[in-house]
Amino acid sequence: MGKQKTGDGDTKQSSRGGKFLLCDISWLSPRWQSWLVRMQSGFILISSFYLIVQMGVLGLLLLTYTVQISSFHEATETAISITKSSDLRQWSWQLLFLANLYWLDPVLEQFVPPEIVRWKEVVCYGGYLVLLVWFLRGISDVDNCLTRYGHFAWTHILIIFLTFQASLLLRTLQHGMMWYIFSVSIITINDIAAYMCGFFFGRTPLIVLSPKKTLEGYLGGGVFTVAIGPVFGLLLSRYEHLACPTAGFTVLSCTLEPFNLARGQIPSFLWHSLYISIFASTFGPTAGFLCSGFKRACKRKNFGNLIPGHGGVLDRCDCMFLMASFAYIYTANIAHPHS
């Protein structure tokens, strides 16, 4: 979450339109205007996430699908602006629908007719064959094959990057909401810390795909993430409604692991939080680099402009999707291998 986007595009966007709500900041330099607008948006997003968490499993479920669909929309429109294949827009959305049906969350399956659940693989496979024929029939000129196949490939990449990984994150909810909350929050913490360190101390460019990212920001954000992660994880593990397993939309009752530092009683989630934090601070940002490279290839600054100072939903949440798959792999194979 939260890229270190302090380039010209962000500066121009933040310096016009009076997007800072508290007061007039036009007298500040564009760099500080951008910083304040980003902080304002970040505060609103964090507050909104807190309210969503209070809704329980339903809130996190709705949030996941909202972010996935919004990100898909932004990325698809970006692709169409390059490939000029607007006739494939409906085709792309049909493929997204099939992917969500195929990876349907177990919590939602109870609201779907049993016959569809029973035959969903057959339905999805048959639907995919129809979409394949649809795509091939739409090629009327071999001269535009490359751009159309580029759209075809990009849509499949989005399905894997967005839909598949989002479905994995939802499967961690059965072990307790804290796994979901911690995974998406720690990458946000890392990104904020990296942005702050890069903003104030950044001097050395980190990667050509994202010129505003700095080595100082990457290292500073990583150290802060690893230091604060276990503390945040310990805090989450002290609340039953976050730590206890879930069944459907219900949080089951459970006994929290004891915590007594003097007696050496430390909840296991504290150690899990440390390991997840290490991943978030090292490999977590690579998803952002991947998306930055695609945007630069398309000569775009952001995927969208919904969030002032940040860009679109995918600009804000790209790293979360990588954390989603890691959270599932970690819980299924290390934290709860026999569940």
State the [atom1]-[atom2] distance between [X] and [Y], to the nearest 0.5 angstrom.
{"X": "L209", "Y": "F289", "atom1": "CG", "atom2": "CZ", "value": "8.5 Å"}
{"X": "I80", "Y": "S85", "atom1": "CD1", "atom2": "OG", "value": "5.5 Å"}
{"X": "L36", "Y": "L28", "atom1": "CG", "atom2": "CG", "value": "6.0 Å"}

In terms of ring plane angle, is the pair [X] and [Y] parallel, tilted or perpendicular, where the classes change at 30° and 60°?
{"X": "Y149", "Y": "F135", "answer": "perpendicular"}
{"X": "W179", "Y": "H272", "answer": "tilted"}
{"X": "W32", "Y": "W35", "answer": "perpendicular"}

Under 6.0 Å between ring centres, would you say that holds for [X] and [Y]?
{"X": "H156", "Y": "Y128", "value": "yes"}
{"X": "F182", "Y": "F269", "value": "yes"}
{"X": "F72", "Y": "F303", "value": "no"}

| said: Taking salt bridge (Lys or Arg N to Asp or Glu O under 4.0 Å) as the cut-off, I'd like each qualifying pair that reaches into residues 73-89, sequence neighbours left out, listed once. | reply: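 Non-adjacent pairs meeting salt bridge (Lys or Arg N to Asp or Glu O under 4.0 Å): E77-R89, D87-R148.
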Answer yes or no: does atom [atom1] of [X] have more than 12 heavy-atom neighbours from other residues, nucleotides or ligands under 6.0 Å?
{"X": "E121", "atom1": "CD", "result": "no"}
{"X": "F200", "atom1": "CZ", "result": "yes"}
{"X": "L146", "atom1": "CG", "result": "no"}

| request: Taking only Lys NZ, Arg NE, NH1 and NH2, and the carboxylate oxygens of Asp or Glu, determine whether K295 and D315 approach each other closer than 4.0 Å. | output: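 A salt bridge is present here (some side-chain N lies under 4.0 Å from a carboxylate O).
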Are [X] and [Y] close enough that some pair of their side-chain heavy atoms sits under 4.5 Å apart?
{"X": "P205", "Y": "K212", "answer": "no"}
{"X": "Q165", "Y": "Q68", "answer": "no"}
{"X": "L256", "Y": "Y239", "answer": "no"}
{"X": "W93", "Y": "I69", "answer": "yes"}

| query | Any donor and acceptor pair, going by atom type alone, linking the side chain of S210 with main-chain N or O of I207 inside 3.5 Å? | reply |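 Flag not set: sc S210 to bb I207 has no pair under 3.5 Å.
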| task | Please answer whether the main-chain N or O of N144 pairs with a side-chain N or O of D141 as donor and acceptor at a distance below 3.5 Å. | result |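 Not confirmed, D141 side chain does not pair with N144 backbone.
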| request: Would you kindly say whether S253 and E240 are connected by a side-chain donor-acceptor distance under 3.5 Å? | output: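 Result is no, nothing qualifies.
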| query | Among side-chain atoms of S92 and H151, is any donor-acceptor pair under 3.5 angstrom? | reply |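 Checked: S92/H151 side chains pair up, N/O donor to acceptor below 3.5 Å.
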| said: Hydrophobic clustering (ILVMFWY, side-chain heavy atoms < 4.5 Å, transitive) - are Y65 and L62 grouped together? | reply: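 Per the 4.5 Å side-chain linkage, L62 and Y65 are co-clustered.
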| said: Is the terminal nitrogen or CZ of R300 (NZ for Lys, CZ for Arg) located under 6.0 angstrom from the six-membered ring centre of F294 and within 45° of that ring's axis? | reply: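 Pair R300/F294 does not count as cation-pi.
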| query | Taking F164 as the fixed residue, which of F321, Y328, W103 is the one that meets the ring-ring contact (aromatic ring centres under 6.0 Å, His included) rule? | reply |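 Testing F164 for a ring-ring contact (aromatic ring centres under 6.0 Å, His included) against F321, Y328, W103 leaves exactly one candidate, W103.
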